Protein chains: 2
Amino acid sequence: MARLAGSSKLLRAMNESATMALLIDRGTLTRGELRELTGLSKPTTSDVLRTLTEAGLAVVVGHTSGGPGPNAEVYAVNPAAATVLAISVRDVSETLHAPFEAALCDLGGAVLARAAYPSDPADGDPVGTVRAIAADLCARAGRDRVTHLQLGVPGSYDPGTGAIRHIDVTGWGRPGLVTELAAALDLTVDADNDVNLAAIAERHRGAAAGSGSFALLWLGAGLGCAIDLGTSLLRGATGGAGEIGYVPLGLAAPGQPRDLQSLAGGPAVAALGAAHGFTGATAEEMVAAAARADSPAATAFLGALADRIAVVLAVVAALVDPPLVVLAGEVAQAGGVRLRDLVTEAFHRNTPLRTPVEVTALTDDAVLLGAMDSGLRSVRESLVDSLNARPIPARSA
Amino acid sequence: MARLAGSSKLLRAMNESATMALLIDRGTLTRGELRELTGLSKPTTSDVLRTLTEAGLAVVVGHTSGGPGPNAEVYAVNPAAATVLAISVRDVSETLHAPFEAALCDLGGAVLARAAYPSDPADGDPVGTVRAIAADLCARAGRDRVTHLQLGVPGSYDPGTGAIRHIDVTGWGRPGLVTELAAALDLTVDADNDVNLAAIAERHRGAAAGSGSFALLWLGAGLGCAIDLGTSLLRGATGGAGEIGYVPLGLAAPGQPRDLQSLAGGPAVAALGAAHGFTGATAEEMVAAAARADSPAATAFLGALADRIAVVLAVVAALVDPPLVVLAGEVAQAGGVRLRDLVTEAFHRNTPLRTPVEVTALTDDAVLLGAMDSGLRSVRESLVDSLNARPIPARSA
DNA sequence: CAATAGTAAATCTACTTTCCTATTACGAGG
DNA sequence: CCTCGTAATAGGAAAGTAGATTTACTATTG
C-alpha cells in the first residue's frame, strides 16, 4: 500500500523515467508519438528529450519524411550509454562445451562481440577470468568499459549472501564472490541459475514469447524447472525454487524410483534407452537417435520416456497451473515435436489436467541468450530508476 | 517498464493516495507524523488532510496531550467510508458446519455483525441468499449499504469468466454469477478459494504473520495448497494453482496410491487410522484422538501419517522453496504441535530440504477471517487508487 | 497553400520556505 | 497555592518557485 509522495521534482523525474522507458520499449519514437504515449504537452516532451539527450541517454537517429510539414526528429536510446557482459559458466564434467561462453551487447540489445573460451583464462580465479573475458571482448568491440555483468551458472544463486551454491566449477562457489566481482571490476553484477536464464530467453525470443506466464521444464543431465510469473521468476527463499528433481514419488518403496530425478533425470533416461536397445554416451544421443528412427523400439522408448516426462509435467501443472509448459534442455531438444506429442498424449491419458505443452524454439545457447536478456533488463531498469531519484518512498509499516 | 507521466494534478493525486495509504496502514496519525512519513511540507499535509476529510475519507479521532504547545489533531480513516461483507459458502455434505457464515466489517476492520445461517435463506438462489444475509447483518449493525462483497467458496474462482468452478453448492456454479451479484446488489464482488482465504488469514493474524512469503498446506477432506508470494497469491492460469491432490506418485503401479490425494487426503488418513485401530466418523476425529493418546498405536498412527504428510511437504518445498510452510485444515489442527514435530522429523529424514514447518495459529474460522481480510484489502486499495484518477498510464508495448 | 514540427510567452497548479499567532507545559517568584 | 513568563509546538498565511499547460507564432515540407 505504500505510495510515492513528493513535489514538482518528483514529477519531472517521473516524466523522464516514463519517456526513457518508452524509448527502451518501442525502440524509436518521434516527439509526437511520445506526446501521445505519455499524455504530456509538446513543450514538456521537448524539454524532457533535451535533458535526456544532454545526459547522453537518448540520441536522434533520423528524421521522418513523406508527410507535409517539417520532418520530425526520430529519437532512440543511446546504445553507447551502457555495455552488458553476459557470461555462461559451465560445468564441463559431462558435456563437450567450452567452460565459458560470453557475449557483449549494448543498451539497444545489439551483440557487439561474442566468444567461447575453451580453457579458463585465469585458471580457477573467477575475478581474473571475468577480467580477461571483459578485456578480450571490449577490445574486439571497441568499447572501453562494461556497465553490468550477468552470470549464468549451473547452481543456485542467493542474492542475500551473494554466494553461488551447488556449483562444481573451481573457485566459483566462494562466498561473497558476486560482491567481490562488483568491487574489483567496478560494475554491477547479477547471477542466475542456468535454467532460469533459459526461461528468460524462452520468454524473450522463444516458445513463450506471447505468454503471460509459463513454466519451463528442463530435461538434461539434471531435471530443473523455472516458473515465470509474468513479471519475474519464482526464485524461492534460498534460490532453490524449481529443484524438481527432489520431488519424492511417495513413501520410500524398494525397487521403485525414489524421486523425479531417478525417474526422468539424464541417467534414468539413458538406462531406459539402453533397455530398449539404444546405445550412446548420453541420454541426449539416444533420444536423438530414437526420434529419427521409425522402429518399434524407438516408438517404445519414446513412449516410455513420454510417460515419465508426463509425470514431471503433472507435478508442475497441478501445483502451479501455468498457461503453458515449455520443454527444454538437451533431452527435450533431441526429442523434438515427436516427443512433445507423446508427452501431451500421456499427460492427457493419466491426469485430468489440460495444460498446453510446447518444445523450446531456441537452437542457440539458451543460457547465454537469457543472460544477455536478463542483463539488459537490469541495466535498463536501473537506468530508468536512477532518473527517478525517489524522495522518501512513504514507506509502509 | 511502464511508468506514470503527468502534471501537477497527478502529483496531488499521488500525495492524497500516499496519505490515505499511510492512514490505513498505521491506524492513527497526527499531521506532524504524516509530514515525517510523506516528506511533504506542513501546508501541503494540511491541505491534503482537509481534502480527505471533506471527502469523508478521513476523520479527526482525538487530540494528543502531554507535550508543550497546542494539542495536535489525531487523524484516522473514516470507518464509515466503506462496509465489507464477507461470506463463507460451505459444502455441507461432509461436515456439521452451517452452509453460510458471514460477517460485516467497517473500513477500519472492526467486526460490526457476524452470524451463521443454518439454512439457505433463499434456497438455492445465490442472489437472494446474499441479499438476505446483507439485509440481516446491515440491520443488526445499523448500516444502510454494503460497499464490497468477498465470497469464500469451496472451489476455484476464475476472474476471467466470473465463474466459480468445482463447487457442489446448488446454484453457485452458475457462469457469470459474480458479475450478476455485482449488478443486482450494486457493489463490487470478489470470490476466492477457501484455502487461499485461509492463507490470507494466516498471513494477517496467524503463524505466517512475520513471513515475507509462505506456503499453506491444507489437510482436510481434500488436500490443498496456497502459495503466498509476499504481495499476492499464486492463482494459476485457470485458478487451479495449488491443486496438489492431483500430483501423481510416479508411473501408475498396481496397489500403490496413484496421487497425493490417495496418499494423504481425508479418506486415506481415515483408512490409515482405522488400520491402527482408531474409530471415528472422520479423519479429523481419529487424528484428534491419537494426538491426545499416549499409546503405541497412537504413536504408530501419527508417525505413519507424518511420513505421508512429509511427502506432500517435500513436493511443495522442492518446487516452490518457501521460507515457511504452515500446516492447516482439520487434520493439521487436530494433530497440533505433536504432528508438526513428527512431520518435521520425517521430512528431514527423507529429504535434503530444510524448509521450516509450523501449524496454523488460528482457532476461529480461517476462511471467514481470510474473506474479511481479503475484502478489506480490496476496498482499501480501490479507495486509494480511486484518489489517483490516473491520467494516461504511459503503457508499454 | 495546407498541414505539421518545434519554440516562445503567458498562465495555472501545487509545492516549499518563511513568518506569524495561538496554545500548552513548566517553573520561578510572590 | 496561584500567577505569570518562557520555551516549545500546532497550525495557518503570504510570498516565492518548479514544472506543466494553453495559445500563439514561425519554419518547413508536399
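It should be emphasised that the depicted structure is a prediction, and the values quoted were computed from it without experimental measurement. Convention: sequence-line order gives letters A, B, ...; per-chain numbering from 1.
Within a 6.0 Å sphere centred on CZ of B:Arg377, other residues, nucleotides and ligands contribute 12 heavy atoms or fewer. In the displayed structure, A:Arg143 atom CZ is contacted under 6.0 Å by more than 12 heavy atoms of other residues, nucleotides or ligands.
Side-chain atoms of A:Lys9 lie closest to D:dG19 of the nucleotides D:dG19, C:dT7, D:dA20. The A:Pro68 side chain lies nearest to C:dT4 when the options are D:dT21, C:dT4, C:dA25. Nearest nucleotide to the side chain of B:Asn71, out of C:dT24, C:dT4, C:dA5: C:dT24.
Following rounding to the nearest Å, A:Leu34 (CG) and D:dA20 (P) show an atom-to-atom distance of 13 Å. Distance CE (B:Met14) to P (D:dG19): 15 Å, rounded to an integer number of Å. Atom CG of B:Leu11 is separated from atom P of D:dT17 by 19 Å (rounded to the nearest Å). Atom-to-atom, CG of B:Asp47 to P of D:dG11 comes out at 14 Å; the value is rounded to the nearest Å. For B:Leu49 and C:dC15, the CG to P distance is 12 Å, given to the nearest whole Å. Rounded to whole Å, the distance from CD on A:Glu16 to P on D:dA18 is 15 Å. Atom CD of A:Glu36 is separated from atom P of C:dT4 by 13 Å (rounded to the nearest Å). In this structure, B:Arg35 places its CZ atom 12 Å from P of D:dT9, rounding to the nearest Å.
Not one side-chain nitrogen or oxygen of A:Arg31 sits closer than 4.0 Å to the OP1 or OP2 atom of C:dT4. In this structure, A:Thr44 does not reach the D:dG19 phosphate: none of its side-chain N or O atoms is under 4.0 Å from OP1 or OP2. Note on A:Ser41: a side-chain N or O is less than 4.0 Å away from OP1 or OP2 of D:dT21. Proximity of A:Arg12 to the phosphate of D:dA20: a side-chain N or O atom is located under 4.0 Å from OP1 or OP2.
For B:Arg205 and B:Asp364, the salt-bridge test fails: no basic side-chain N is under 4.0 Å from an acidic carboxylate O. A salt bridge between A:Asp25 and A:Arg380 is absent, with no side-chain N of the basic residue lying under 4.0 Å from a carboxylate O of the acidic one.
A side-chain donor-acceptor contact under 3.5 Å links A:Glu33 to the backbone of A:Thr30. At least one donor-acceptor pair under 3.5 Å links the side chain of B:His148 to the backbone N or O of B:Thr188. Checking side-chain atoms of B:Thr64 against main-chain N and O of B:Ala72 turns up a donor-acceptor pair under 3.5 Å. Of the possible polar contacts, none joining the B:Ser17 side chain to the B:Asp385 backbone as a donor-acceptor pair under 3.5 Å is found.
Comparing A:Ser8 and A:Lys42 by the nucleotide of DNA chain C that holds the closest heavy atom to each, the one mapping nearer the 5' end is A:Lys42. Nearest-nucleotide mapping onto DNA chain D: of B:Gly32 and A:Gly69, the residue sitting toward the 5' end is B:Gly32.
Within residues 54-67 of chain A, no residue has a heavy atom under 4.0 Å from DNA chain C.
A donor-acceptor pair shorter than 3.5 Å can be found between the side chains of A:Arg31 and A:Ser46.
Using a 4.0 Å heavy-atom distance criterion, B:Ser46 is classed as a sugar-phosphate-only contact. Across all strands shown, A:Asn15 has heavy atoms under 4.0 Å from sugar-phosphate atoms exclusively, and none from any base.
An end-to-end axis angle of 0° holds for the helix from C:dC1-D:dG30 to C:dG30-D:dC1, taken from five base pairs per end and rounded to 10°.
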- request: Any chance you could lay out the side-chain contact (heavy atoms from CB on, under 4.5 Å) test for A:Leu197 and A:Gln150, step after step, and finish with the verdict?
  value: CA-CA 10 Å; A:Leu197 292 176; A:Gln150 172 70 53; 4.1 Å; yes
